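Since the structure comes first, as structure tokens, the remarks are kept for the end.
Along the sequence shown, the residues carry numbers beginning at 1. Just so we're clear, the structure is a prediction, and the values are computed from it rather than from any experiment.
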Amino acid sequence: MESLLIIYKLIVWGYAAFDYISSKQRTGAGFVLVSLIYFCLQLFALIVRHMSWKRGAAFGSVALLVLAAAFVEPLWALLLPLNGYELASVYIHRVWGIGAVLLTPMIWLDPSAGKLYGFVALFSFVSVTAVKRHIERMEQQEDRLDQMRNDLHRLTRRISEYHQYIKQSEYTLQLEERNRLSQRIHDQIGHSLAGALIQMEAAKRLMDGDRDKAKQLLENAIHISKEGMEHR
């Protein structure tokens, strides 16, 4: 926005300087002095960051232009709309109020100069307002884009956390299933082995006295072991 205003000011100043040099048969020391003071104020407004200093530079520029238009060259009034827009936008929030302020100096100008001033003021008002609105929309879109980036980053992080939670849950379920199977195998096979050992121990004791009973006990031990292996 500031760059655009500087370009407009340079164009208007160039027109005023060309018209002054081509139409006046004098040295132009006053015009040069006003130009130097004016551009110093503009550079000062660009350099400083504090708003109060910027407003002071804007007030100084408007006052300088009014004095220069009255005592040096009436064409200095053509720069009033641009500087007046900067100053009026600080205190007036309605767009048409700013336009009315910019067109007010036409009352004190002669008709020929008033027409030229009105054209410059109207062009400055429309173009600067349009650019300002465009910049505001761009800033709003940038803010929305930043918000969307933040939402996307937050969503991506939540999805990543959700995937990690799923992996952890799957790992936990696998551990639980392994523990359950291990416990089941341990209980069933352990019970079968214990029963088979008892049967084999009894068969060992009866091997010399009652071979048929011992054989039956061994068969029972084998049967118990097979059942335990089949149900593991």
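Side chain of N150 to main chain of D146: a donor-acceptor pair is present (N/O by atom type, distance under 3.5 Å, no hydrogens or angles). Side-chain atoms of T172 come within 3.5 Å of backbone atoms of Q168 as a donor-acceptor pair (strictly under, hydrogens ignored). The backbone N or O of D19 sits less than 3.5 Å from a side-chain atom of S22, completing a donor-acceptor pair.
Applying the salt bridge (Lys or Arg N to Asp or Glu O under 4.0 Å) rule to pairs touching residues 153-165 yields D151-R154, sequence neighbours excluded.
Put simply, I37 and L79 are part of the same group of oily side chains (I, L, V, M, F, W, Y) that touch within less than 4.5 Å, one to the next. W96 and L82 fall within a single hydrophobic cluster, where Ile, Leu, Val, Met, Phe, Trp and Tyr side chains are chained together by heavy-atom contacts under 4.5 Å. When the side chains of ILVMFWY residues are joined at heavy-atom separations under 4.5 Å, either directly or via intervening members, V95 and L122 end up in a single hydrophobic cluster. L33 and L67 are not part of a single hydrophobic cluster, where members link through side-chain heavy atoms under 4.5 Å apart. When the side chains of ILVMFWY residues are joined at heavy-atom separations under 4.5 Å, either directly or via intervening members, V34 and F18 end up in two distinct hydrophobic clusters.
At a threshold of 4.5 Å between non-hydrogen side-chain atoms, the residues L46 and I6 count as touching. In this structure, F31 and S35 have side chains that are in contact, with non-hydrogen atoms separated by less than 4.5 Å. At a threshold of 4.5 Å between non-hydrogen side-chain atoms, the residues P105 and Y117 count as touching. V101 is not listed as a side-chain neighbour of L87, based on a closest heavy-atom distance of 4.5 Å or more. Side-chain contact between V62 and E86 is absent, with no heavy-atom pair separated by less than 4.5 Å. Between N83 and Y38, the closest side-chain pair of non-hydrogen atoms falls below 4.5 Å. Proximity of L103 to F125: side-chain heavy atoms (C-beta onward) are nowhere separated by under 4.5 Å. The shortest side-chain heavy-atom distance between R133 and E136 falls under the 4.5 Å cut-off.
Under the 6.0 Å cut-off for aromatic ring centres, F71 and W76 do not qualify, their centroids lying 6.0 Å or more apart.
The two residues G30 and V72 have their closest heavy-atom pair at C-CG1, 3.9 Å. Heavy atoms only, all atoms of each residue included: G84 and L102 are closest at C-CD2, 3.6 Å. Smallest separation of non-hydrogen atoms from P81 and L78: CD-O, 3.2 Å. The minimum heavy-atom distance between A45 and K54, with the atom names listed, is O-NZ, 2.5 Å.
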**Study point:** Steps toward side-chain contact (heavy atoms from CB on, under 4.5 Å) verdict (K132, T129)
**Key:** CA-CA 5 Å; K132 186 177 180 181; T129 301; 5.6 Å; no

Point to revise | Residue pair F123, V12: steps toward the side-chain contact (heavy atoms from CB on, under 4.5 Å) verdict | key: CA-CA 12 Å; F123 174 79; V12 176; over 6 Å; no

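Atom NE2 of H134 is separated from atom CZ of R137 by 9.0 Å, given to the nearest 0.5 angstrom. Note that the CD atom of Q141 and the CD atom of E139 stand 11.0 Å from one another [nearest 0.5 Å]. To the nearest 0.5 Å, the span separating CG on L36 from CG on L41 amounts to 11.0 Å.
For Q174, the CD atom counts as densely surrounded, since its 6.0 Å shell holds more than 12 non-hydrogen atoms of other residues, nucleotides or ligands. Dense packing is recorded around OH of Y91, with more than 12 heavy atoms of other residues, nucleotides or ligands lying under 6.0 Å away.
Using cut-offs of 30° and 60° for the angle between ring planes, the W13 and F39 rings count as perpendicular.
Hydrophobic clustering, defined by side-chain heavy atoms of Ile, Leu, Val, Met, Phe, Trp and Tyr closer than 4.5 Å, groups V48 together with F44, W53.
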